[in-house]
Asker: 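Got a structure for you, questions after.
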Amino acid sequence: MAGNGVFVDIIEGDVFKYYSEGEWKKSASGKSVAIINPTTRKTQYKVQACTQEEVNKVMEVAKAAQKSWAKTPLWKRAELLHKAAAILKEHKAPIAECLVKEIAKPAKDAVTEVVRSGDLVSYTAEEGVRILGEGKFLVSDSFPGNERTKYCLTSKIPLGVILAIPPFNYPVNLAVSKIAPALIAGNSLVLKPPTQGAVACLHMVHCFHLAGFPKGLISCVTGKGSEIGDFLTMHPGVHCISFTGGDTGVAISKKAGMIPLQMELGGKDACIVLEDADLDLAAGSIVKGGFSYSGQRCTAVKVVLVMESVADTLVEKVNAKVAKLTVGPPEDDCDITPVVSESSANFIEGLVMDAKQKNATFCQQYKREGNLIWPLLLDNVRPDMRIAWEEPFGPVLPVIRINSVEEGIHHCNASNFGLQGCVFTKDINKAILISDAMETGTVQINSAPARGPDHFPFQGIKDSGIGSQGITNSINMMTKVKTTVINLPTPSYTMG
Ligand SMILES: NC(=O)C1=CN([C@@H]2O[C@H](COP(=O)(O)OP(=O)(O)OC[C@H]3O[C@@H](n4cnc5c(N)ncnc54)[C@H](OP(=O)(O)O)[C@@H]3O)[C@@H](O)[C@H]2O)C=CC1
Ligand SMILES: O=C(O)[C@H](O)COP(=O)(O)O
């Protein structure tokens, strides 16, 4: 159970504590933030509403802790990360339980998220010792007009204090995908977890605490993003922001100072299905891609663009699979579970009603109970409908029928998002041409969009983000280049 066993220190009364200076603390605000269970719509947990003074304190200690952490040998940093990964995996059950209660993640997927997170931490430790253990050596005589009098040594050094802000949908995985690269690279880290998912994050942070990281190196401040978010992101003590979420990220990038930003934002991932596609494969991928975790994935298939000649067959196959999806509580491991909040369900319903008014074809009857929305495929969607462009982040998937590949590419590229896309065809040449033409960070050929495996590069263009993630890219992003130049009194050339 949450807050029990080795986790007993992280809670007092019914409010979970925040983590600062290597200790679990109550906020001086005396206030808490309620976390509403999406299934019961009742308060499940409470976390501290941290104050600005408490944020100032974690920034101060993070700065000091980073200085000595940067002097800790790389292999020792890796050793601690491996230890944290093992502890995290050992305690997957209580953490997964929080994910079920806070964000209605189906029970098995919740366990998978924790295990995947442990693996990510270990992989990052291994990758870090390799790529940070190497530098560059340049000599001056390769540039015109220079003798060989200068030797340039290049290495990667930490940025300082990293602020990590993950979203609700993968609170643990998208937190560790920021924490592990930051730490292996010699940075300290301040985590502001999403409110829904905060308690899972606090348990995860306690696993790092149990691993024995130095005091102040990792902190976790809780509170509503709308209340402490700006104070955190505009804090002068922050040297880099790694954020995953929605439009909030666009606002943050305008407010943040002159610091590196890693932004993973929304998406409207298009799935283009050509006439020669394996329609069974496409239908299976569309259902998995569109409806896993009730469509609440940045990488979910969010619009299907299918050639008119095969559209009827594809829609029929997709519908047959949608009919088999189970709908209900996350504890029962149902495929479709309640969406994260009432406001999210209302937003999704708004998109559905707009499509209804504009005569989209409803392949299933629209049904909603509380935050639970039954899976819905909308056929014959046209560009004047909101659902053609907006991200529902729910189990509703639009199908747009197209008459040419160009029409599909045009729709994909007209979106303000550019996260991922996918194309189904048996013609690899066509697939490559389409992939090159799609303005998205990644294109999957004959499979649905996906972030994982977590060491693959992952990036969005346009409003979908800044920079590239994935383990290696995140480590590099959380470092800066330092060079030392050795100036010789006379040219020196190496002999054969
Ligand atoms: N491209 C990618 O890799 C991914 C993108 N996403 C996108 O995330 C969205 C869903 O996640 P969701 O959690 O709703 O996204 P939000 O943008 O609403 O929230 C993300 C995080 O930002 C915090 N936050 C809110 N306001 C501020 C602020 N003013 N300053 C700083 N932080 C703030 C939130 O805290 P609080 O919860 O307390 O409000 C939360 O931790 C979707 O658009 C989805 O596509 C999701 C996963 C991956
Ligand atoms: O951000 C997300 O929505 C998830 O990281 C997606 O991860 P996945 O595509 O590997 O499920």
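Note that ligands are numbered from 1 as they come in the structure, with each ligand's atoms numbered from 1 the same way.
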Asker: Would you tell me which option among Ala198, Gly249, Cys201, Gly229 has the nearest heavy-atom contact to atom 30 (N) of ligand 1?
Answerer: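 Among Ala198, Gly249, Cys201, Gly229, the closest heavy atom to atom 30 (N) of ligand 1 comes from Gly229.
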
Asker: Take every heavy atom of Asp247, measure it against each atom of ligand 1, and state whether any distance is under 4.0 Å.
Answerer: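 The answer is no, since Asp247 has no heavy atom less than 4.0 Å from ligand 1.
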
Asker: Heavy atoms only, cut-off 4.0 Å: how does Leu174 contact ligand 2, side chain, backbone, both, or neither?
Answerer: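 Side chain only.
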
Asker: Is it true that Asp354 and Arg386 make a salt bridge, defined as a side-chain N closer than 4.0 Å to a carboxylate O?
Answerer: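 The answer is no: the pair does not qualify as a salt bridge.
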
Asker: Would you list the atom pairs, donor with acceptor, under 3.5 Å between side chains in residues 221-232 and any protein atom, with sequence neighbours excluded?
Answerer:
residue	atom	partner	partner atom	Å
Thr222	OG1	Gln48	O	2.7
Asp230	OD1	Lys255	NZ	2.7
Asp230	OD2	Lys255	NZ	3.2

Asker: Among all protein heavy atoms, pick the one closest to atom 2 (C) of ligand 2 and tell me residue, atom and distance.
Answerer: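 Sorting protein heavy atoms by distance from atom 2 (C) of ligand 2 puts Cys298 SG, 3.1 Å first.
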
Asker: Look at Asp384 together with Lys358 and state whether they make a salt bridge at an N to O cut-off of under 4.0 Å.
Answerer: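 So Asp384 does not pair with Lys358 through a salt bridge.
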
Asker: Are the charged groups of Lys108 and Asp333 less than 4.0 angstrom apart, N to O?
Answerer: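 Salt bridge between Lys108 and Asp333, a charged N being under 4.0 Å from a carboxylate O: yes.
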
Asker: Is it true that Gly223 lies under 4.0 Å from ligand 1, counting heavy atoms only?
Answerer: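 Yes, Gly223 has a heavy atom closer than 4.0 Å to ligand 1.
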
Asker: Does any part of the side chain of Ile36, heavy atoms only, come nearer than 4.5 Å to the side chain of Lys42, both counted from C-beta?
Answerer: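 Not touching, per the 4.5 Å side-chain cut-off.
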
Asker: Does ligand 1 have an atom that lies less than 4.0 angstrom from a heavy atom of Pro166?
Answerer: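 Pro166: in contact with ligand 1 (<4.0 Å).
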
Asker: Applying a heavy-atom cut-off of 4.0 Å, say which part of Arg116 lies close to ligand 2: side chain, backbone, both or neither.
Answerer: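 Side chain only.
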
Asker: At a 4.0 Å cut-off, with the gap strictly under it, does some heavy atom of Gln469 reach an atom of ligand 1?
Answerer: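 No.
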
Asker: Report the nearest protein non-hydrogen atom to atom 24 (N) of ligand 1: residue, atom name, distance rounded to 0.1 Å.
Answerer: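 Protein heavy atom at minimum distance: Gly225 CA, 3.7 Å.
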
Asker: From the options Phe231, Phe393, Phe243, select the one whose nearest heavy atom is closest to atom 22 (O) of ligand 1.
Answerer: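 Selected option, by shortest heavy-atom distance: Phe243.
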
Asker: Residues in ring-ring contact (aromatic ring centres under 6.0 Å, His included) with Phe393, at least two apart?
Answerer: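 Once residues adjacent in sequence are excluded, the partners of Phe393 under the ring-ring contact (aromatic ring centres under 6.0 Å, His included) criterion are Phe168.
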
Asker: Is the shortest N/O to N/O distance between Lys302 and ligand 1 below 3.5 Å?
Answerer: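 For ligand 1, there is no N or O atom that lies under 3.5 Å from one belonging to Lys302.
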
Asker: Are Arg116 and Glu113 within salt-bridge range, i.e. N to O under 4.0 Å?
Answerer: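 Between Glu113 and Arg116 there is no salt bridge, as every charged N stays at least 4.0 Å from the carboxylate O atoms.
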
Asker: Please determine whether the number of non-hydrogen atoms from other residues, nucleotides or ligands lying under 6.0 Å from atom NZ of Lys89 exceeds 12.
Answerer: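 Enclosed: over 12 neighbouring heavy atoms sit under 6.0 Å from NZ of Lys89.
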
Asker: Under 4.0 Å, heavy-atom basis, I'd like to know which part of Asp454 is in contact with ligand 2: side chain, backbone, both or neither.
Answerer: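 The answer is neither; Asp454 stays 4.0 Å or more away.
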
